[in-house]
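Quick notes on the structure that follows.
Throughout, protein chains are lettered first and strands after them, A, B, ... in sequence-line order, and every chain is numbered starting at 1.
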4 protein chains.
Amino acid sequence: MTTLSLDIATRLATAGLEAADAMTVPMNIAIVDAGGHLLHFTRHQDALLGSIDLAQRKAKTAILFRMPTATLGQISRPDGPIYGIEWSNGGLVSFGGGLPITDTEGNVVGAVGVSGGTADQDVEIAQACLAAL
Amino acid sequence: MTTLSLDIATRLATAGLEAADAMTVPMNIAIVDAGGHLLHFTRHQDALLGSIDLAQRKAKTAILFRMPTATLGQISRPDGPIYGIEWSNGGLVSFGGGLPITDTEGNVVGAVGVSGGTADQDVEIAQACLAAL
Amino acid sequence: MTTLSLDIATRLATAGLEAADAMTVPMNIAIVDAGGHLLHFTRHQDALLGSIDLAQRKAKTAILFRMPTATLGQISRPDGPIYGIEWSNGGLVSFGGGLPITDTEGNVVGAVGVSGGTADQDVEIAQACLAAL
Amino acid sequence: MTTLSLDIATRLATAGLEAADAMTVPMNIAIVDAGGHLLHFTRHQDALLGSIDLAQRKAKTAILFRMPTATLGQISRPDGPIYGIEWSNGGLVSFGGGLPITDTEGNVVGAVGVSGGTADQDVEIAQACLAAL
């Protein structure tokens with residue numbers, strides 16, 4: 001299994017910031033390692049302050065359950081099978097913007113969490129991060 | 001009233017792990033005593049990290065209200081009589097996977113919480129634990 | 001680097017429980033993986049309830065700083081260079097009973113935390129766990 | 001008053017990482033803005049996991065009281081005038097490694113927090129960050 005290095009994390013975050021610049025939406029980008037520990041965090045200075053926590057929480061959620069946060073959200077709604085899972089693990093985020101990072105062998109080696117725009121915009125930036133792998 | 005011993009807890013957890021092996025889903029299994037205190041916890045090393053907390057929280061929820069977590073969940077939805085109960089007690093889990101452990105006299109002596117698969121799979125493993133009583 | 005498996009964790013915990021039986025002190029034994037996530041927990045049913053948290057917190061402290069908790073405690077006293085470090089990371093424990101688990105190549109792959117007796121007794125049981133590696 | 005920009009924060013963190021490379025000690029480096037909100041965080045992948053929190057907490061402490069964390073620590077010991085201040089603000093760190101960032105007019109515009117080595121090493125890396133201003 002590949003370990004997520006600082007170099008890779010920085011490259012992903014930089015790609016995300018550039019995509020956010022092109023979108024002209026100030027963003028927060030967090031990257032965690034396979035154990036859920038913060039590896040890299042960066043943001044535009046005028047990004048929403050409440051999104052600093054959201055970005056990190058999305059990355060945490062994506063690594064803890066090895067799935068995109070939006071996928072978790074599809075089954076955690078009031079009529080879903082895991083309604084209320086957000087109360088666990090010190091607080092999860094179950095809307096878009098968190099994506100697992102997978103190595104070439106298919107192992108989940110970390111996750112990225114993006115917050116600052118709409119959930120759709122956050123997902124787009126998170127995908128831009130992964131495209132830089 | 002019977003007290004849940006380490007021997008019984010270990011037997012229940014081992015039965016659960018074996019059932020999870022047969023199901024080929026890595027699982028987390030937590031057992032709490034009548035006071036809600038963790039007595040035994042074990043997991044497959046590749047189980048979902050987010051389920052470590054969920055398993056313990058399910059066991060806690062089941063002992064705190066002396067009912068299966070899925071039963072609590074049926075009345076805690078937005079249109080139910082105890083909507084939002086998950087906010088109490090430091091965070092509850094109200095979907096399947098937590099079951100009270102009852103002695104031969106009908107006393108609730110502890111609870112088991114399982115997490116790692118779908119809620120249905122978690123319930124099946126929790127039942128496998130109780131079958132080893 | 002070796003990964004701490006459930007089999008190894010169970011063997012270590014069992015060795016610790018047996019040593020605690022010989023000592024006739026009921027003990028709590030927690031084992032965490034390299035990322036600090038709980039892998040195995042077990043205790044004598046009459047162990048001190050307050051030690052359930054202490055055992056887990058000692059294991060967490062030992063992996064977070066890759067040193068025995070007693071070593072950390074030697075430098076975190078009022079006249080030491082890192083006085084007050086216990087306030088970080090959601091609460092650390094800086095007296096004896098937490099030991100890192102190292103593989104044959106010298107990598108820290110997890111940690112064990114023991115609580116239930118005096119700090120000296122806890123350290124003795126933690127060492128008994130490691131002796132079963 | 002100057003605002004701490006992402007460019008400046010990145011420059012400071014990069015300078016700190018290079019100094020840590022020269023010291024051959026893996027480090028965690030956190031930078032917060034004038035409001036104490038995380039602006040940038042980065043670390044060597046093999047840095048101590050417990051220092052992720054410490055680095056952020058040192059930066060937070062330095063901005064909250066507009067002084068180096070080591071200065072705060074000199075007056076927060078058991079015989080000092082503000083003994084126990086670490087309990088406030090969700091947990092402070094009062095040993096070396098956190099430094100305020102001051103602009104050319106003398107305004108405190110943010111803070112840097114470094115953790116990973118001894119307190120003296122952490123201070124040295126924090127000073128290397130500030131030297132890149």
Side-chain angles (χ1 to χ4, degrees), chain A residues 1-10 12-13 30-41 52-69 72 82 85-94 98-113, chain C residues 1-10 12-13 30-41 52-69 72 82 85-94 98-113:
Chain A
M1 189 169 99
T2 316
T3 301
L4 204 55
S5 69
L6 169 60
D7 281 350
I8 296 176
T10 305
L12 267 59
I31 295 173
V32 297
D33 65 19
H37 299 287
L38 189 63
L39 181 55
H40 197 73
F41 174 86
I52 298 171
D53 178 75
L54 280 172
Q56 296 179 67
R57 217 170 275 274
K58 286 180 183 178
K60 186 184 80 170
T61 300
I63 193 71
L64 286 180
F65 293 97
R66 294 183 203 133
M67 63 175 72
T69 51
L72 192 78
I82 54 167
I85 195 172
E86 294 85 354
W87 278 284
S88 74
N89 290 284
L92 302 173
V93 175
S94 56
L99 292 176
I101 301 171
T102 308
D103 70 9
T104 51
E105 297 161 35
N107 299 305
V108 177
V109 296
V112 60
Chain C
M1 190 169 97
T2 315
T3 301
L4 204 56
S5 69
L6 170 60
D7 280 350
I8 296 176
T10 305
L12 266 60
I31 295 173
V32 297
D33 64 19
H37 299 288
L38 189 62
L39 181 56
H40 197 73
F41 174 87
I52 298 172
D53 177 75
L54 280 172
Q56 297 179 65
R57 217 170 276 273
K58 286 179 184 178
K60 184 185 80 170
T61 301
I63 193 72
L64 286 180
F65 294 96
R66 293 183 203 133
M67 63 175 72
T69 51
L72 191 77
I82 54 167
I85 196 173
E86 295 84 354
W87 278 284
S88 74
N89 290 282
L92 302 173
V93 176
S94 56
L99 292 176
I101 302 171
T102 308
D103 70 10
T104 51
E105 297 161 36
N107 299 304
V108 176
V109 295
V112 60

From C/F65 atom CZ to C/I85 atom CD1, the distance as rounded to the nearest 0.5 Å
4.0 Å

Between chain C and chain A: donor-acceptor pairs at under 3.5 Å:
{"unit_1": "C/G35", "atom_1": "O", "unit_2": "A/H37", "atom_2": "NE2", "d": "2.7"}
{"unit_1": "C/H37", "atom_1": "NE2", "unit_2": "A/G35", "atom_2": "O", "d": "2.7"}

Begin with the C-alpha distance, continue with both residues' side-chain angles, and end with the deciding distance and a verdict on side chain to side chain contact (heavy atoms under 4.5 Å, CB included) for C/I31 and C/I101.
CA-CA 9 Å; C/I31 295 173; C/I101 302 171; 4.2 Å; yes

[X] to [Y] - nearest heavy-atom pair and separation:
X: C/P100; Y: C/A62; value: N-CB, 4.0 Å
X: C/V32; Y: C/L4; value: O-CD2, 3.6 Å
X: C/V112; Y: C/A59; value: C-CB, 3.9 Å
X: C/I63; Y: C/G36; value: CG2-CA, 3.7 Å

